[in-house]
Amino acid sequence: MGYVVLIPLLPAIAFAALAPLPRSVRNRALGVAVAAVATSLALSVAAFLAVTTEAGHGADVAYHASVVFAHAGSAELGFGLLVDPVSAVMLLVVTVVGLGVQVYSLGYMHRDERRGWYFAVLSLFTAAMLTLVLADNFLQLYLAWEIMGLCSYLLIGFWHEQEAPRRASIKAFLTTRVGDAGFAVGLLIMYATTGSFAYDTVLGGLAWAPGAATAVALLFLFGAMGKSAQFPLHVWLPDAMAGPTPASALIHAATMVAAGVYLVARALPIFEASGVALTVTLVVGSVTALLGGLLAAVQHDIKKVLAYSTISQLGYMFMALGVGGFAAGMFHLVTHAFFKSLLFLGAGVIIHAAHTQDMREMGGLARHLPVTTGTFTIGALALAGIAPLSGFFSKDEILTVLLHEHQYVAFGVAIAAAFVTALYVARLWFRVFTGPVQSEGLREGHAEMLAPMVVLAAITVALGFASPAFGEFVAHHGEWPAPLMALTSTGVAVGGLLLGWFIFGRRSRVLNTRVIKQRTGPLYDVLVQKYYLDLTYDYFIVQPYARLASGLWRFDAGVIDGVVNGAGALWRQVARLGALVDARAIDGVVNGVGTAVRSAGDRVRRIQVGRVQVYQGLMAGALLLLMTWVIVKGA
Amino acid sequence: MTVGLPHFMALSAVLFSVGLYGVLTRKSTIMALMCLELMANAVNINLVAISRFVTPAEMTGQFFAVFSMVVSAAEIGLGLALVIAIYRRRKTVELGAMEELKG
Amino acid sequence: MLLSAIVFLPLIGAAVVAMLPASRANGARWLAALVAAADLVLATVLVVRFDVGAGFQFVEMAEWVGQVGIGYHLGADGISVSMVFLSALLTFLAIVASWRIEKRPGAFFALLLLLEVGMNGVFLALDFVLFYVFWELVLVPMYFLIGTWGGPRREYAALKFFLYTLFGSVFMLVGIVALYLHPAGGTFDLLVLAEAGLPASFQWWVFAAFFLGFAVKVPVFPLHTWLPDAHVEAPTAASVLLAGVLLKMGTYGFIRIAMPILPDAFAAWQPALAALAAISIVYGAALAFAQTDLKKLVAYSSVSHMGFAMLGIAAGTAEGIAGSVAVMFSHGVVTGMLFLLVGMVYERTHTRMIADVSGLSARVPVAAGLLAFASFASLGLPGLSGFVGEFLSLLGAWGSTMWPGWVVIAAVGVLLAAAYMLWMVQRVVLGVPSTAVEGIDDLSGRELFALVPLAVLTLVVGVWWDSLLRFVDPAARALAAVVGGG
């Protein structure tokens, strides 16, 4: 199975090949990147099959190779490739979504001047994510993690001629770096406690002292919160929507943001050795799930809805991990990767067609963009958790495991968040696809943009049925969701969708029927009644909830983000003050010494009067003193 | 009254002091040079006197004095030549006027 | 003979170049480049023929001033080898990058070669007097380089650099003499002194003396204020060598002299060293962030990075010391790149103000790409050499006896480094091209020739850490054992 090294290596070579080329050549060599990812996909499939065969034999690891790349003191740092069920699944996720995004980008970016560089960075990113997934030690995970941060910076800020992408990319890099600093300290503690970074040593039955385990786990969680945009380090993700949409599909749906979840999942034994860390994870996940959902429901920018939705869904994954639900968390990661990237790609087509990102300026796209509507709807329903799509199964597993571990509060939060999720999904769907058409020249996307969407939609439909198999594969324990749970969650989801339809789907119809109302007298009262009901609902539900949510949004942008921006501004002031202190005080001492010496010299200089007789007088005086001293001494 | 060593040494001291005072206070360079000569001759007197009264057999002091006189002669020649050169430049030989070495 | 050749070949070159008449400027250039290239070849031979497991090698020992016990003693261990290679490489590339200097090129190149003599000598000397001679030797050419070919405030900067460093060195001389005069010392030989058992209280004072000398050079907060002025006013080649090599002499001094000979004093001083290192890291990063002049930003970033080197030294563990040397090597290469690029930008735009230069990537993509590359290496992105030293220093520091808070502060420093570097990249490399940037040419072949080896080295060391650590680790472990593992 030596071919495994090619899986991350091929995209890396694609990057190395594309990066130094001049722009014109590079723009024509996009096929290199696509071919690399496609080959990696094929090899990933092979690796996955190898693991399934091994699993059939009862073994977990299909392939493990490593090489030491650094000796320093007692540290032996290695670079390794580990193919076990979890990494095999992740390989498939990354390469499938990666290939889909690259094919889609062939259409989406085909007129961009710098598309060659875009594909190069996508390749590097894919290589880094694959390295992260195949890592057999936490240091390698960290190294790949940081490189992904670089790629995210480059992709978010791709259209760097404009101010917003530049700002957003720095914000993303620095916010995640705050988390990374915590992650790094966690690594230091891990090394100091266990003397190694390798999964084998650190996770394989090593008895962790609760204190060290808590410290490491919480610091790792902190890093994961940055990368996976959990509250309160989530502020960079909505801004990151300034980058090209397919890049968002890859990075902010499927892969980079999932890296945090992956880290916590891999490090779960350490979390379990500390009890506290699991609780904190659960709380962070819960808060984020609900908060993210509420914020998604007040956004007008379609990409921002998806961004906050991602934040919320990642919160679900952390909730699952927070109760030790390894399989549930990972399964939701996988299903979310597919349907969220599908939604982002669909959003790309929608934005392209409607020439706007603001949903209030959209409407009635269903008639003109059939393929997009169909695939997008599948993704949306999966997000809302409607059976029998994959999102339903994965969300149910999380709910099941929460209940199973008696976390009733978290369960309640999860249910509420599910309701809100369905609500904003419906809001988005109705705003975009129904109602009067407000844009001109609506056209369906190109074939290379639609094909990946169709594939992702098909996966979303089918994957749910693999739920127990997945659990079995990854954690040796898989089952179908219980009927009661299924009914509850479906009920909640449908309820949310209905409410969404009620508020957002019907209003446009009410507006449309104003004409009919004038012509049909007897129906007038009924309509008015309905209208009154509408107003009532508006007054009692829509408005308070809108107020709550926009209040939350203002809190988010003002306070939380304000802290971030404030920290930046504060730091700028500190830095300026430091420069002043350095120049005046510290350097002042140095210059002061120079000045002091010079003025002392000036004063001493006055002895040199230039007149011979004064010198003679001084000499005579000194001689006299000397003689007196000699005589006195002799006496 | 026998004139002994103390008298010669007193004379020498007086002449030396007069010469020192003159060097330090005279305005004219030539006067300063003459006072320097006076100091040198005072030292010569001292040398000869001590040699004559303490070790009359060896004439060390007298030899030293003769050397000193020769050196003084050379030095005064040099000094006066310098004075003439300065006078040609400055039209004055007043010591107070020469402050070029002022720091 | 190899070490003597490495040290004195540039001296011969400097003498010949200096004696060439002004009309033969081109000959001067080529000769200087040739001599530097030859020295680089010799340094490479040293690297290749060095046996990583075998301690000091290529030792040359001869009596110099027998009555006082001063010997001509040269030797190289892994750390010396890496530093000598860095010095030879940067000198050669600095000469190539300064090819088109117009004002008195002969003198300029002769001074650069003379500088190389001092640098190589410091890293190879094993006798105190010899060490001190070479240490002081670098001051003179650097003073003239800054003072003659520098910017508007060059006289002030050159004088400040010279006097400040000399101030420190004087104390170092006192320390050297004290060691000689002490009954347990009695020699100027570094290796012999390392074996001597000196009383702890005596060690403390000697360490203080040496600390002043080395701390000014590193530079450690608060003795750092000569650096920004010197760097900003110096011509490009001088900045490259100043930041790339001269700063390393300070930390090298701690590693070669202060730690082996004064281990007990080191243990006593460790908390102070750790504190100053952490402060330097954060302070340098803060000040870098506040700068409006590109060269000053890079200068303050050097203060911050050398703070990491000091942190690794203060740790006293093998990982920490190895990390420290890795920082030294990487910083030399990366900051060398940065200063070369800043110089190239300045030559074209005639401004160093960040506000005036923006959008380089749109007009000069190669230069912009390399500048971004160097910036990411500087901020410690994994996969590039900067991360190696920073991580190992942190690792070594955490495992040592210093207060862990310093390590956490240093880790925050990593975040701050990203802040100032990205802020610079965002303004200078990205964005819309400013007027100063319009119509400039991209890098010439010669300039690329000066930069590419550094970029390749950054990448190689960053990916395969052992390429550097092979040399450094054995020496680091030996030293850690002496110091007692911190």
Side-chain angles (χ1 to χ4, degrees), chain A residues 19-20 22-23 68-75 77 79 128 139 142-147 149-150 153 157 160-163 165-167 169-170 173-174 177-178 180-182 184-185 187-189 191-192 568 571-572 574-580 582-583 585-591 593-594, chain C residues 159-160 163-164 222 224-226 228-229 283 286-291 317-323 326 359 361-362 365 369 376 381-383 387-388 391-392 394-396 398-399 407-408 411-412 414-416 418-420 422-423 426 430-432 463-466 469-470 472-473 476-477 480:
Chain A
R23 185 174 295 180
V68 175
F69 67 90
H71 292 87
S74 51
L77 308 175
F79 180 88
L139 181 64
Y142 179 78
L143 300 182
W145 175 285
E146 291 275 313
I147 305 243
L150 168 72
Y153 170 81
H160 60 80
E161 304 81 21
Q162 295 155 38
E163 177 95 35
R166 283 207 306 273
R167 283 249 185 91
S169 64
I170 270 202
F173 194 88
L174 290 178
R177 249 226 169 179
V178 172
D180 294 349
V185 178
L187 283 175
L188 298 181
I189 300 180
Y191 185 79
W571 184 245
R572 219 167 284 136
V574 168
R576 243 173 254 152
L577 187 68
L580 208 67
D582 195 66
I586 300 184
D587 215 16
V589 169
V590 175
N591 288 332
V593 168
Chain C
L159 198 62
K160 191 173 179 182
L163 290 179
Y164 210 141
H224 63 282
T225 52
W226 60 270
D229 289 310
Y283 188 78
L287 260 68
F289 191 67
Q291 296 308 314
T317 57
E319 295 88 357
I321 297 171
S361 67
F376 279 108
L381 189 74
F387 179 75
V388 178
F391 185 74
L392 285 176
L394 289 172
L395 198 67
W398 188 268
V407 186
V408 175
V412 172
V414 176
L415 167 66
L416 300 175
Y420 66 76
L422 283 183
W423 178 84
Q426 173 170 294
L430 304 177
V432 177
V463 172
W464 182 36
W465 300 14
D466 260 354
L469 290 177
R470 292 185 10 240
V472 173
D473 189 49
R477 266 188 275 134

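Just so it is clear, the structure is predicted and the values come from calculations on it, not from any experiment. Below, chain A is the first sequence line, B the second, and so on; all start at residue 1.
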Those residues that, when tested against C/D473, pass side-chain hydrogen bond (donor to acceptor under 3.5 Å, both in side chains) (two or more places apart) | C/R477

Interchain contact, [X] with chain A, by part (heavy-atom threshold 4.5 Å):
X      : result
C/A476 : neither
C/Y283 : side chain
C/A286 : both
C/L392 : side chain
C/V463 : backbone
C/V414 : both
C/L416 : side chain
C/W464 : both

Partner chain C: residue of A/I586, A/L577, A/V593, A/V178 with the largest heavy-atom pair count (under 4.5 Å) |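 Option with the top pair count is A/I586.
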
For chain C, which of A/G594, A/S74, A/A19 has the most heavy-atom pairs under 4.5 Å?
-> A/S74

Is chain C contacted by the side chain of [X], its backbone, both, or neither, given a heavy-atom distance below 4.5 Å?
X      : result
A/I189 : both
A/Y153 : side chain
A/D180 : neither

Report the residues that fulfil side chain to side chain contact (heavy atoms under 4.5 Å, CB included) with A/A184, sequence neighbours left out, ordered by chain and then residue number.
-> A/Y142

Side-chain heavy-atom pair [X], [Y] within 4.5 angstrom cut-off:
X      : Y      : answer
C/P228 : C/Q291 : no
A/W571 : C/F289 : yes
C/F387 : A/E146 : no
C/V408 : C/W398 : yes

Looking only at heavy atoms, which two atoms of [X] and [Y] are closest? And how far apart?
X      : Y      : result
A/G157 : A/S169 : N-CB, 3.6 Å
C/L469 : A/A72  : CD1-CB, 4.2 Å
A/H71  : A/V68  : CE1-CG1, 3.6 Å

